[in-house]
2 protein chains.
Amino acid sequence: MIETTVLSAPAQTTKDRILDAAELLFADRGFDGTSLRMITSEANVNLAAVNYHFQSKEALLHAIYDRRAGPINRRRMELLDAIEASGEFVVERILDAFVRPVFELGVEVGHVPRLMMRLLYVETEGMFQHVFERHFRPVLLRFGVALRRAAPHLSEQEMMWRVQFFIGSFAHVMAGGRVLKFVLKDEREASPRDLIMRRLIRFAAAGIQAPKEIEA
Amino acid sequence: MIETTVLSAPAQTTKDRILDAAELLFADRGFDGTSLRMITSEANVNLAAVNYHFQSKEALLHAIYDRRAGPINRRRMELLDAIEASGEFVVERILDAFVRPVFELGVEVGHVPRLMMRLLYVETEGMFQHVFERHFRPVLLRFGVALRRAAPHLSEQEMMWRVQFFIGSFAHVMAGGRVLKFVLKDEREASPRDLIMRRLIRFAAAGIQAPKEIEA
DNA sequence: GTCTATAGTCGGATAGAC
DNA sequence: GTCTATCCGACTATAGAC
């Protein structure tokens with residue numbers, strides 16, 4: 001089942017080398033802050049190769065997002081399938097299904113959340129729309145439905161807001177907002193990723209299950 | 001007490017016009033995506049004026065962050081002073097002191113949270129460090145202390161993590177992550193800002209006050 | 001498919017007149 | 001303080017040889 005070629009990646013094609021180099025650079029320096037020259041130099045390919053394999057710098061970013069967003073959200077769907085099959089709609093387990101596929105990414109792609117962060121807040125509307133409609137919206141809707149079964153006391157819009165609060169927490173710790181480094185210092189390195197994930201789920205599950213109204 | 005010049009802003013100086021135009025452009029298109037020519041054109045000032053009043057494009061962004069981060073965090077400190085004076089350490093009230101100064105910003109500066117978002121995740125380390133050390137770190141530390149008095153069952157590091165989850169939720173809804181528009185649709189326009197703030201505080205207060213351990 | 005060479009544009013910054 | 005004019009480097013994209 002496990003192909004050894006996935007990890008060691010021998011005999012990588014020019015196209016893949018471009019994708020890998022560009023992905024890291026875009027995550028770190030942003031689209032406008034990354035030149036094709038940086039990418040081709042880092043990937044050890046010729047400058048013209050980008051416009052040959054992709055058609056433009058923008059189409060390259062497009063391809064990068066599709067390559068990552070597809071597998072992550074398919075995995076989320078699988079985990080949701082299992083929850084629905086079992087009939088056990090528990091908030092913690094549903095949230096786990098959302099965050100686990102990202103936490104399970106290898107450390108060698110630890111920059112992917114930063115890339116997604118840019119998509120959420122920084123990239124152009126068109127870029128966001130393409131990726132969101134294709135990969136994220138169906139997943140988000142299904143999570144909303146599952147969570148309402150787990151916490152039926154909330155209206156649909158109330159739940160949608162709380163899901164957004166959860167996504168904010170999740171995105172923040174995944175993208176490693178620089179604040180984390182300054183506030184938590186060495187603590188962060190010491191905390192195994194698994195513990196961070198459990199802390200996040202604990203926090204968000206309590207928030208999502210909070211009673212409905214503020215005033216009696 | 002209230003100066004009418006604050007709102008109508010008559011006879012704005014060249015320097016201020018540059019600050020205003022650049023702030024909006026940087027928030028929308030990012031530092032690399034904004035040229036000095038866009039800024040001076042939008043501000044109706046000469047191209048050379050930027051390098052005269054500030055010294056470089058980077059120093060201009062510096063000035064922009066200082067102009068906003070100062071007042072917001074001073075207001076937070078005031079609200080914290082009031083809490084400490086009253087001796088009523090209630091999680092909801094402490095969280096309110098953190099978010100209120102931002103929610104109270106006029107709609108005409110609704111782009112400021114987006115600008116802060118870029119600082120958190122996108123700008124250079126140097127830019128972040130300058131602003132964080134000067135404006136945010138002292139505030140964050142005080143909030144951590146106050147929250148631990150309100151929820152003493154948590155260790156310092158546990159609380160720091162939960163504060164980070166809260167900040168993620170807050171930043172996400174303030175920056176209006178594009179997801180909000182797509183998921184919540186018209187609902188967002190209809191929800192008064194005050195209601196959003198209360199929902200956020202309700203969610204985060206429950207999360208922060210969640211019991212300590214996952215397993216017994 | 002891969003390269004070199006270059007077209008064509010736009011960027012930040014500054015010199016120097018007023 | 002404000003302007004015009006300009007330097008010079010860097011950028012995306014492509015044409016055309018191999």
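Reminder, nothing fancy here: chain letters follow the sequence lines and each chain counts from 1.
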**Message:** Heavy atoms only, 4.0 Å cut-off, all strands: where does A:Thr40 land among base, sugar-phosphate and nothing?
**Reply:** nothing
**Message:** Using whole Å, what does the distance between atom C1' of nucleotide D:dC3 and atom NE2 of B:His53 come to?
**Reply:** 12 Å
**Message:** Looking at C:dC10, I'd like to know if its phosphate oxygens (OP1 or OP2) sit under 4.0 Å from a side-chain N or O belonging to B:Ser35.
**Reply:** no
**Request:** Output all residues satisfying salt bridge (Lys or Arg N to Asp or Glu O under 4.0 Å) with A:Asp32, sequence neighbours left out; order by chain, then residue number.
**Result:** none
**Prompt:** Do the side-chain N and O atoms of A:Tyr121 and B:His172 include a donor-acceptor pair separated by under 3.5 angstrom?
**Reply:** yes
Validation: residues 112-119 of chain B side-chain donor-acceptor distances under 3.5 Å, sequence neighbours left out:
residue  : atom : partner : partner atom : Å
B:Arg114 : NH1  : B:Asp28 : OD1          : 2.2
B:Arg118 : NE   : B:Phe26 : O            : 3.2
B:Arg118 : NE   : B:Ala27 : O            : 3.0
B:Arg118 : NH2  : B:Ala27 : O            : 3.2
B:Arg118 : NH2  : B:Asp28 : O            : 3.2

**Message:** How many whole angstroms separate atom CZ of B:Arg17 from atom P of D:dG1?
**Reply:** 14 Å
Hey, what are the protein-to-nucleotides 13-18 of chain C N/O distances that come in under 3.5 Å?
residue : atom : partner : partner atom : Å
C:dA13  : OP2  : B:Lys57 : N            : 3.1

**Prompt:** Among all residues two or more places apart in sequence or in another chain, which pass the salt bridge (Lys or Arg N to Asp or Glu O under 4.0 Å) test with A:Glu156?
**Reply:** none
**Asked** To the nearest Å, how far apart are B:Asn44 CG and D:dC3 C1'?
**Response** 15 Å
**Side-chain N or O of B:Thr14 closer than 4.0 Å to phosphate OP1/OP2 of D:dG1** = no
**Request:** List in chain and number order the residues that pass salt bridge (Lys or Arg N to Asp or Glu O under 4.0 Å) with B:Arg162, two or more places apart in sequence or in another chain; answer none if no residue qualifies.
**Result:** B:Glu158
**Atom pair distance, as rounded to whole Å: CG in B:Asn46 and P in D:dA5** = 11 Å
**Request:** Tell me, please, which residues at least two apart from A:Arg67 pass salt bridge (Lys or Arg N to Asp or Glu O under 4.0 Å).
**Result:** A:Asp20, A:Glu23
**Request:** Please identify each residue that fulfils side chain to side chain donor-acceptor pair (under 3.5 Å) with A:Glu78, with sequence neighbours left out.
**Result:** A:Arg75
**Item:** Any residue of residues 20-28 of chain A with a heavy atom less than 4.0 Å from an atom of DNA chain D
**Value:** none
**Residue list, side chain to side chain donor-acceptor pair (under 3.5 Å) with B:His53, at least two apart or on another chain** = none
